[in-house]
Visitor: 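Got a structure here, written out as structure tokens. Questions coming.
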Amino acid sequence: MEKVLSYLSEHQPRFVRELCDYVRFPSVSAQPQHQPDMAACAEWLLNRCRGLGLDARVCPTPGHPVVLARTPRRAGRRHFMVYGHYDVQPPEPFELWKSPPFEPRLEGRSLFARGASDNKGQHLAHLNAVEAYLRTGTELPCDLTFVVEGEEEVGSRHLADFLKTNRAELACDAVVVSDTGIPDLKHPALTYALRGITAVEIKLHGPSRDLHSGIYGGSVDNPAMALCQLLAKLRDKHGRIAIPGFYDDVAALSAFERKQLARLPFKESAYRKFLGVPQLFGERGFTPIEQRSARPTVEINGLTSGYQGEGSKTIVPAWASAKLTFRLVPDQQPKKIIALIRKHLASLCPPTVRMELKTGHGGEPYLVSPTSALAQASLRALKRAFGCEPVLMREGGSIPIVTEFKKVLGADTLLLGLALPDDNAHSPNEKFSLDCFERGMRMSAELWPELSGACKTP
Ligand SMILES: [Zn+2]
């Protein structure tokens, strides 16, 4: 292990340069014009894997391809899968970036670029750890398969089918995913639960065209007004979602969990300041940490209607639309929740407009026991790599594919994220800490003997 760790230390400058190369690809999966960039980015990763001597290939899907890479196989060893994604969120709005999103900029120990933290830097850390094993002639204690997809940011549309098609090759003892966060460098974390998600887009149609508000206004309903009134009824003033049946399957937080979550470093005033809000808001009876990770929510992600240009335009708009997402917690099921949402919205919609409802991507919430042998093994690896006691936490975000790993491969997922809270994932000025990058590589190196050992004990 010493050889592996010193190899990692020695090669940090090159690893950073390679991460810079990787984040230069504008691999925005949501925007069709970036299709060639997606392909080029997958190709770069393929070559990086092959350069290490991995058996790697680009697997086409009906959407963006998956890059699959395997370490040399040896019979009788445990097999773990490392999952990541090379696609990134759209960088807009560009004007809020201090430097162009796809031109990496180093400032102190931070690397600024779209995708640096979510997720290129995080899965590259694992790949670099494998490089250290292979280049120092240190035998890996297990077989590893990297699965790096290109559609995580658009709901992993084709990964479930990919897993099913390649089930035999991907069957493994556990999946390791670094796509979550830690509170700070002194609190490395194993994330044992994720929230699920369900997305809907609601459109209210009014008149057949935008109307002169002076001539017609007052005699027809305004779809934008109707939409605002409808949306305002989805949540009460105490932060509770006002959809009948919505909380029926929510598993209550145990006393043990509340105690673990209370161990996390948190200062309300600093949090408020960091977010730039005059006051926090959340469901009554829960701490902010619980509200953002262990309780369900509804959010309006976007609102569109009428005239948005300069000056005024006196119209009754023809339509109004909103994009909504609901974050779900164990044991809420997206399908059941969608049905409740549909029924409730239909009951709220006035007869003066016509409602159109589109359901978007969805993912189930996830929970793995923090006391399992695998979880304990990963806590030991974290402790050695970061040099301090790790914490247990829940993540408010969603990685829908994690439930597919369980369903299709029968494998639990260990969420060993490397992002810091101020990494600005999905926001302008995304960055990745080079300290997290380096410690992530060490964690990955320490992880494989630990996990292989944990699998042997029943
Ligand atoms: Zn993301």
Side-chain angles (χ1 to χ4, degrees), residues 19 22-23 25-31 34 37-38 41-42 45 63-64 66-67 82-93 96-97 101-102 104 110-126 146-160 175-182 189 191 193-199 292-293 297 299 301-302 323 325-328 360-366 393-405 413 415-433 436-437 440:
L19 176 57
Y22 197 17
V23 296
F25 294 97
S27 48
V28 184
S29 52
Q31 300 175 338
H34 285 298
D37 301 312
M38 291 294 298
C41 189
L45 184 60
H64 300 294
V66 177
V67 177
V82 178
Y83 164 87
H85 62 92
Y86 65 88
D87 66 325
V88 302
Q89 282 276 319
E92 289 86 346
L96 294 183
W97 285 80
F102 299 107
S110 296
L111 179 73
F112 287 86
R114 170 59 90 230
S117 174
D118 181 14
N119 171 261
K120 289 171 176 172
Q122 297 204 47
H123 62 263
L124 213 54
H126 288 283
F146 284 82
V147 169
V148 184
E149 71 154 321
E151 296 189 306
E152 198 273 345
E153 302 293 7
V154 288
S156 299
R157 290 181 288 227
H158 302 101
L159 196 65
V175 182
V176 170
V177 179
S178 292
D179 198 14
T180 48
I182 59 174
T191 298
L194 291 169
R195 285 196 290 193
I197 190 169
T198 194
R292 73 175 190 198
S293 66
T297 62
E299 300 294 349
N301 309 126
K323 289 175 187 285
T325 46
F326 294 76
R327 295 285 173 176
L328 310 178
H361 65 285
E364 289 169 29
Y366 184 74
M393 60 188 281
R394 298 171 70 123
E395 176 75 31
S398 309
I399 311 177
I401 200 63
V402 166
T403 50
E404 296 297 330
F405 295 149
T413 298
L415 296 161
L416 296 163
L418 301 170
L420 291 175
D422 62 351
D423 273 2
N424 293 321
H426 295 207
S427 298
N429 303 306
E430 177 177 348
K431 63 111 173 115
F432 188 44
S433 153
C436 289
F437 193 37

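Since this is a predicted model, take the numbers as computed values, not measurements. In each ligand, atom 1 is the first atom listed, and ligand 1 is the first ligand listed.
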Visitor: Only N/O/S atoms count here: what is the atom of Glu153 closest to the Zn ion (ligand 1) called?
Guide: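 Closest N, O or S atom of Glu153 to the Zn ion (ligand 1): OE2.
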
Visitor: Does a donor on one side chain sit under 3.5 Å from an acceptor on the other, for Asp179 and His85?
Guide: yes

Visitor: Over 60° means perpendicular and under 30° means parallel, so tell me whether Phe405 and Tyr83 are parallel, tilted or perpendicular.
Guide: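 The rings of Phe405 and Tyr83 stand perpendicular, inter-plane angle above 60°.
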
Visitor: Rounded to the nearest 0.5 Å, how far apart are CG of Asn424 and NE2 of His426?
Guide: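 Between Asn424 CG and His426 NE2, I get 11.5 Å after rounding to 0.5 Å.
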
Visitor: Testing the basics here: between Phe25 and Asp37, what is the closest heavy-atom pair and its distance to 0.1 Å?
Guide: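 For Phe25 and Asp37, the tightest heavy-atom pair comes out as CD2-O, 4.1 Å.
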
Visitor: Quick check on the Zn ion (ligand 1): does Glu152 put an N/O/S atom closer than 2.8 Å to it?
Guide: no

Visitor: From His85, does some N, O or S atom reach closer than 2.8 Å to the Zn ion (ligand 1)?
Guide: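 Within the cut-off used here (under 2.8 Å), His85 places no N, O or S atom near the Zn ion (ligand 1).
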
Visitor: N/O/S atom of Asp118 under 2.8 Å from the Zn ion (ligand 1), yes or no?
Guide: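 Yes, since at least one N, O or S atom of Asp118 sits under 2.8 Å from the Zn ion (ligand 1).
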
